[in-house]
Protein chains: 2
Amino acid sequence: MHFVSFLGSPRNQAFRQSELDRMGVVHLNTDAMNELKPRTRIQQKNINAILEAALDVFSQYGFRGSTLDQIAQAAGLSKPNLLYYFPSKEAIHTTVLSGLLDNWLDPLREMDEAGEPIAEIMAYVRRKLEMSRDFPRESRLFANEILQGAPRMMEALEGELKELVDEKAEVIRHWVADGRVAPVDPYHLIFSIWALTQHYADFDVQVHAVLGKTDDSHFADAEVYLETLFTKLLTP
Amino acid sequence: MHFVSFLGSPRNQAFRQSELDRMGVVHLNTDAMNELKPRTRIQQKNINAILEAALDVFSQYGFRGSTLDQIAQAAGLSKPNLLYYFPSKEAIHTTVLSGLLDNWLDPLREMDEAGEPIAEIMAYVRRKLEMSRDFPRESRLFANEILQGAPRMMEALEGELKELVDEKAEVIRHWVADGRVAPVDPYHLIFSIWALTQHYADFDVQVHAVLGKTDDSHFADAEVYLETLFTKLLTP
DNA sequence: TGTCGGTTTTACCAATTGGTCAGAAACACG
DNA sequence: CGTGTTTCTGACCAATTGGTAAAACCGACA
């Protein structure tokens with residue numbers, strides 16, 4: 001089944017019956033994305049507009065707090081037109097989420113066991129901080145989903161995410177055992193990297209309010225601060 | 001005007017007209033709380049039940065994603081009965097938020113310029129971590145509000161919060177200048193304390209999913225980890 | 001016993017919500 | 001140009017939403 005098969009009114013019945021249950025949960029593979037390969041230029045454009053708008057809205061208000069009207073308006077389309085491209089609000093949300101998760105884990109995946117330990121970890125921190133600066137909506141969408149108990153992502157958290165973290169925690173454990181990194185709990189190290197970097201995206205308005213700034217210049221300071229912090233923490 | 005004056009149907013008209021505008025924004029003083037001093041045991045009980053239920057629901061779904069029905073059910077009351085005690089959904093939310101904010105800032109207020117710098121900062125970290133463990137809903141409510149752009153808290157953020165942080169940042173700056181604390185950006189130090197401690201409340205389900213745990217035993221590990229981290233960072 | 005405040009429920013309302021559907025409009029292409 | 005397909009719209013729907021009004025309930029107390 002590919003994309004066009006759930007476009008249009010009569011055709012998407014089949015989609016609704018057979019696929020929606022699966023859509024209820026985010027998959028980390030690219031099934032969903034393959035199905036969404038657009039056929040025409042107009043589909044390309046509108047689907048992009050919808051997902052972009054959905055990211056805007058969902059990342060601010062979460063799933064329950066967002067409405068199709070909001071998304072439609074932000075996308076510059078009518079509500080029925082949204083539902084021509086996606087069978088339901090749920091499906092839009094799921095598509096946005098699953099498109100996000102892969103990218104979100106990439107920086108950690110790139111951490112290389114063969115590299116110089118501290119440099120590898122610092123590079124990971126820098127990549128995560130860059131993502132917070134360049135993709136704050138994605139970070140907030142993720143935060144919103146977790147805050148609400150991750151109803152549509154639990155599987156991914158306990159599956160792919162846990163596996164990746166377990167794997168990288170093991171790598172760090174080895175680095176510690178070899179005396180190349182000061183002794184730290186690898187899991188809490190990873191948590192702290194997430195917390196420290198994502199904070200600048202998720203709590204953006206608070207950071208701006210406290211600093212009394214309107215620009216993003218504090219990201220440079222943050223980078224320096226985090227560099228100091230992790231260097232002191234990790235140097236044996 | 002005190003509490004009973006906006007209970008009941010005919011009486012709360014006046015309240016709606018004159019007070020609702022003020023209720024639209026959280027005040028850090030205790031005006032709202034004074035007005036909510038209950039008169040009878042039954043008011044005491046029901047108002048507590050409502051605020052407790054509201055904390056549950058709002059902290060999970062945010063303001064827009066929460067419904068009066070959800071809150072009513074969680075409180076074991078009927079929806080019209082909720083609206084006998086509070087004039088609107090907005091008023092419930094505002095009351096919960098303003099009740100929260102004072103407590104939330106207390107740990108930072110307690111940081112004493114006259115004390116031993118590193119011990120003071122470590123004690124602050126410990127208090128914040130304890131709050132994440134003991135009041136995770138409050139932390140999530142706060143996170144939800146910030147994520148949504150802090151529409152009902154911006155004033156407090158730019159006012160009381162900023163003032164307190166500015167004051168304490170100055171204290172830290174002095175400690176640094178006196179060589180009692182290693183050179184750090186005071187603002188980012190405070191941000192990092194918030195991020196690291198609140199992460200364990202806000203991203204609770206993620207932490208549990210990754211660690212494969214069902215209890216809260218990781219808080220002890222977190223405390224050790226954070227102790228190491230900040231000791232290394234701050235020791236001159 | 002009556003009655004009077006405080007409390008709760010039943011019935012209701014208008015607006016908004018996610019979603020449907022028939023057909024109109026726009027487009028692609030021979 | 002005509003015709004088949006894709007895209008879009010307006011009118012609609014049932015359910016849910018925040019909120020209201022009036023009447024019923026309830027315990028205390030004269």
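Letters A, B, ... are given to chains in the order of the sequence lines, protein chains preceding strands, and every chain is numbered from 1.
Smallest separation of non-hydrogen atoms from A/Ala156 and A/Leu101: CB-CD1, 4.0 Å.
Ion pairing between a basic and an acidic side chain is recognised when a charged N comes within 4.0 Å of a carboxylate O; B/Lys168 and B/Glu110 show no such pairing.
A sub-4.0 Å separation between OP1 or OP2 of C/dT7 and a side-chain N or O of B/Gln43 is present. Residue A/Asn46 places at least one side-chain N or O closer than 4.0 Å to OP1 or OP2 of D/dC8. Contact annotation: B/Tyr85 side-chain N/O to C/dT8 OP1/OP2 distance is under 4.0 Å. Regarding contacts with the backbone of D/dC8, every side-chain N or O of A/Tyr84 stays at 4.0 angstrom or more from both OP1 and OP2. A close approach under 4.0 Å does not occur between any side-chain nitrogen or oxygen of A/Ser78 and OP1 or OP2 of D/dC8. Proximity of A/Asn81 to the phosphate of D/dG10: no side-chain N or O atom is located under 4.0 Å from OP1 or OP2.
Taking the side chain as every heavy atom from C-beta outward, A/Val207 and A/His218 approach each other to under 4.5 Å. A heavy-atom distance below 4.5 Å is not found between the side chains of A/Leu196 and A/Leu129.
If you check every strand for non-hydrogen atoms under 4.0 Å, B/Ile42 touches sugar and phosphate atoms only.
Residues from residues 65-76 of chain A with heavy atoms under 4.0 angstrom of DNA chain C, sorted by number: A/Ser66, A/Thr67, A/Leu68, A/Asp69.
The interatomic distance linking B/Lys79 (NZ) with D/dA15 (C1') rounds to 12 Å, in whole Å. When rounded to the nearest whole Å, the span between NZ of A/Lys45 and P of D/dT7 equals 11 Å.
Between C/dT9, D/dG18, C/dG19, one nucleotide has an atom nearer to the side chain of B/Lys89 than all others, and that is D/dG18.
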